[in-house]
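Everything quoted here is computed from the prediction, not taken from an experiment. Lettering follows sequence order; numbering is per chain, from 1. Note: hydrogens, waters and symmetry copies are ignored here, and every other heavy atom, side chains too, is used.
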Amino acid sequence: MSQKPEDLFKNVISHSKEYGFIFPSSEIYDGLSAVYDYGQLGAELKKNIRDYWWKSMVQLHENIVGIDASIFMHPTTWKASGHVDAFNDPLIDNKDSKKRYRADVLIEEHVSKIEDKINKEVEKAAKRFENFDAVMFRRTNARVKEYDEKIQSITTRFKKALNDNNLEEIKQIIVDLEIVCPISGSRNWTDVRQFNLMFSTSMGSVSEEANTIYLRPETAQGIFVNYLNVQKTGRMKIPFGIAQTGKAFRNEIVARQFIFRMREFEQMEMQFFVKPGTEMEWYEYWKKARLNWHLSLGLGKEKYRFHDHLKLAHYANAACDIEHDFPFGFKELEGIHSRTDFDLKQHETFSGKKLQYFDPELNQNYVPYVVETSVGLDRLFLSILSSSLKEEQLEGGDTRTLLSLPPALAPYKAAIFPLVKKDGLPEFAERIMTTLKFDHQMAYDEKDTVGKRYRRQDAIGTPFCITVDHQSLEDQTVTVRNRDTMVQERLPVDALANFLNERVSLKSLLLTL
RNA sequence: GCGAAAGUAGCUCAAUUGGUAGAGCUCCAGCCUUCCAAGCUGGAGGUUGCGGGUUCGAGACCCGUCUUUCGCUCCA
């Protein structure tokens, strides 16, 4: 149990690989940076987590409905959301100070320094002459004119380079202007690189004028553009929510830490539309509700904490993260943001369509405010996996590898073993399997000693092992062994269905909310 | 992106100054047996991440490249 965090993280990664939870993407070709595939057990666990979230959001709330929007969206969507402008920066690094700068900012700062010089000239002249005409001075003074021309030529050149997307030219401008790094004072620059967080591809035939299409960097916009469709056709009354799960893509500069930050990842989001002025109440409501949801997984209260954002994004008037204690420290798991009416208003402006709600109580129209809950499915997966993986010391000096997953989320809900591979025990076991497999994902194993089989199921988190022995043939009972306590009890075969339903069904977990 | 470390069987790791790639676990077939892994017999699995170079000879040395981990940086 007392493993070093680095070791635990290493174990999580190799355990994931060894048992088929997570593989590096296209591994036979050396993998692809920060892209991972879910294996046979990982896919089950991930699906169960997603189902639990979906049911707790959509099925348990009459005023929340789910949609499934496309990954491709109209390019204007990303202009309206601010993603195009916010993430199209040419960046350059100084090799000596290791600091990264926006190339356009460096050039603009250089230009403003020249402007300062002009202003100084003007100030100096103003002191010297009476009846000073600043406009005339600017137009006629040789030194000022020289500065002005310099600014003109720089900005013309810079604008052209930006328009042509000519990164080499931008670097050349920085070199020509002899711009130095404010920290190291050196001119030892890397090449200029364009970092656009959004992946792009083209839509339409190649020969024609193809449109640049972005892979969505967040799923939220799919909800906002469908706000009116859902509200009208679903006859939704404020407050109401729209939920969605799906893939999003970000071309991260640095993507690290296994599946914590991937370039392709899955979000589970719910946008809750409320009356303006009530958003803070709902913000607090969802903070509590979402933390409660995480606590229901039983990984431990001490594993979670809130982190309030001091610096708010351009669209938010309140924001916080639910952080989880990962093997590499507390990191963001879920974000809860009060997004105001920013998104819907932006889409109104860019689309020219009204995205409003007629409130019958107030007898007036308004753009609803939005409270968002947004959790990373892959991060949730990692939080559950890493918190569940344990090396347990047993009496007698033995150790066992235990994956104490929340039972309702485990890939296999129960495993069935014939104690021996003869005397009709396998046939008996398979009959039980057949009756239970319609309700639960079941495993079957008849290889090796039964103790070994228990350990194998412990390592993949199967909550219960059902063993058929010779007594089973006589009185139709089996033993059921608990993963966490290793305690066995004998149950009639007929009681198994209820036994499992009460302990491993999603319903059993939903009831704890 | 910069810096550091690493990459050998499914997993964890060996391999003397450069000299025939190995072990344990896993896996497969069978035997024995049976309620908490590690009994017996046999077997499978490797162009040592990839590509070059030096050498009579490279897992080891050099260069490049890919991937991973850590630190810095970034993360609307």
### Query
Are the side chain of A/Gln267 and the backbone N or O of A/Thr219 linked by a donor-acceptor pair below 3.5 Å?
yes
### Query
Contact class for A/Lys331 (heavy atom, under 4.0 Å): base, sugar-phosphate, or nothing?
nothing
#### Entry: Test side chain to side chain donor-acceptor pair (under 3.5 Å) applied to A/Asp448 and A/Arg453, A/Arg455, A/Arg456, the passing residue
A/Arg456
#### Entry: A/Asp458 and its salt bridge (Lys or Arg N to Asp or Glu O under 4.0 Å) partner, picked from A/Arg400, A/Lys452, A/Lys390
A/Arg400
### Message
I'd like to know if A/Arg250 reaches the base of B/rC75 with its side chain, counting only an N/O donor and acceptor under 3.5 Å.
### Response
no
### Query
What is the base-pairing partner of B/rA4, counting Watson-Crick and G-U wobble geometry with both distances under 3.5 Å?
B/rU69
#### Entry: A/Ser388 versus A/Pro406, closest heavy-atom pair with distance
OG-CD, 4.4 Å
#### Entry: Atom CZ of A/Phe72 with >12 non-hydrogen neighbours under 6.0 angstrom
no
### Task
With the side chain of A/Arg455 defined as its heavy atoms from C-beta on, choose the nearest nucleotide among B/rA37, B/rA76, B/rC35.
B/rA37
### Message
Using the P atom as the point on both nucleotides, what is the distance between B/rU16 and B/rG49, in whole Å?
### Response
16 Å
### Task
Any strand is fair game: report the nucleotide pairing with B/rU41 by Watson-Crick or G-U wobble, both distances under 3.5 Å, or none.
B/rA29
### Query
If the C1' atom of B/rA6 is compared with that of B/rC74, how far apart are they to the nearest Å?
24 Å
### Task
Kindly state which residues belonging to residues 413-435 of chain A come within less than 4.0 angstrom of RNA chain B, counting heavy atoms of the residue only, listed by number.
A/Leu419, A/Val420
### Message
Assuming nearest nucleotide by heavy-atom distance, tell me which of A/Leu32 and A/Ser14 is located more 5' along RNA chain B.
### Response
A/Ser14
### Task
Name the nucleic acid region contacted by A/Ala319, choosing base, sugar-phosphate or nothing; use a 4.0 angstrom heavy-atom cut-off, strictly under.
nothing
#### Entry: A/Asp448 side-chain proximity, nearest of B/rC27, B/rC36, B/rC35
B/rC27
### Query
Quick one: is B/rU69 close enough that its OP1 or OP2 comes under 4.0 Å of any side-chain N or O from A/Lys10?
no
### Message
For a quick check, tell me whether the side chain of A/Tyr454 and the base of B/rC35 share a donor-acceptor pair closer than 3.5 Å.
### Response
yes
### Task
Would you indicate what A/Asp469 reaches in the nucleic acid, counting non-hydrogen atoms under 4.0 angstrom: base, sugar-phosphate, or nothing?
base
### Query
Looking at RNA chain B, which of residues 257-264 of chain A put a heavy atom within less than 4.0 Å of it?
A/Gln257, A/Phe258, A/Arg261
### Task
Tell me whether the OP1 or OP2 atom of B/rC66 has a side-chain N or O from A/Ser33 closer than 4.0 Å.
no
### Distance-only donor-acceptor check, side chains A/Glu269 and A/Ser374, under 3.5 Å
yes
### Query
For B/rU34, what is the paired nucleotide under Watson-Crick or G-U wobble rules, both distances under 3.5 Å?
none
### Query
Looking at A/Tyr454, does the NZ or CZ of A/Arg481 lie under 6.0 angstrom from its six-membered ring centre and within 45 degrees of the ring axis?
yes
### Task
Look through every strand shown and name the nucleotide pairing with B/rG64 as Watson-Crick or G-U wobble, where both distances are under 3.5 Å.
B/rC50
### Query
Is there a side-chain polar atom (N or O) of A/Lys452 under 4.0 Å from OP1 or OP2 of B/rU34?
no
### Query
What interatomic distance, in whole Å, is found between P of B/rC62 and the corresponding atom of B/rU55?
16 Å
### Spacing of OH belonging to A/Tyr369 relative to CZ belonging to A/Arg339, to within rounding of 0.5 Å
14.0 Å
### Task
Report the nucleotide, chosen from B/rU69, B/rC28, B/rA76, that has the shortest atom-to-atom distance to any side-chain atom of A/Glu218.
B/rA76
### Task
Nearest whole angstrom, please: distance from the P of B/rG71 to the CZ of A/Phe328.
10 Å
### Message
I want to know whether A/Phe328 and A/Phe326 have ring centres closer than 6.0 Å.
### Response
yes
#### Entry: Pairing partner (Watson-Crick or G-U wobble, both distances under 3.5 angstrom) of B/rG24
B/rC11
### Message
Using the P atom as the point on both nucleotides, what is the distance between B/rA9 and B/rA21, in whole Å?
### Response
16 Å
### Query
A/Ser81 near the nucleic acid: base, sugar-phosphate alone, or nothing, with a heavy-atom cut-off under 4.0 Å?
nothing
### Message
Tell me the interatomic distance from A/Tyr36, atom OH, to B/rU67, atom P, rounded to whole angstroms.
### Response
11 Å
### Query
So does A/Asp68 have more than 12 non-hydrogen atoms from other groups sitting under 6.0 Å from CG?
no
### Query
In whole Å, what separates the C1' atom of B/rU12 from that of B/rC75?
35 Å
#### Entry: Interatomic distance at C1', B/rG24 relative to B/rA15, whole Å
15 Å
### Task
Check whether the side chains of A/His294 and A/Glu334 place a donor and an acceptor atom closer than 3.5 Å, and report yes or no.
yes
#### Entry: Whole-Å gap separating C1' (B/rG24) and CD (A/Glu18)
13 Å
### Task
Figure out the CZ/P separation between A/Phe21 and B/rC11, and round it to whole Å.
16 Å
### Query
Say you pick atom C1' in B/rG18 and the same atom in B/rA58; how far apart are they, in whole Å?
7 Å
### Message
Both A/Arg456 and A/Val487 contact RNA chain B. Which one's nearest nucleotide lies toward the 5' end?
### Response
A/Arg456
### Message
Can a side-chain donor-acceptor contact be found between A/Glu27 and A/Tyr29 if the only test is distance below 3.5 angstrom?
### Response
no
#### Entry: P atoms of B/rC50 and B/rC32, separation to the nearest Å
44 Å
### Message
Which nucleotide wins on minimum distance to the side chain of A/Met486, given the candidates B/rG10, B/rA76, B/rC36?
### Response
B/rC36
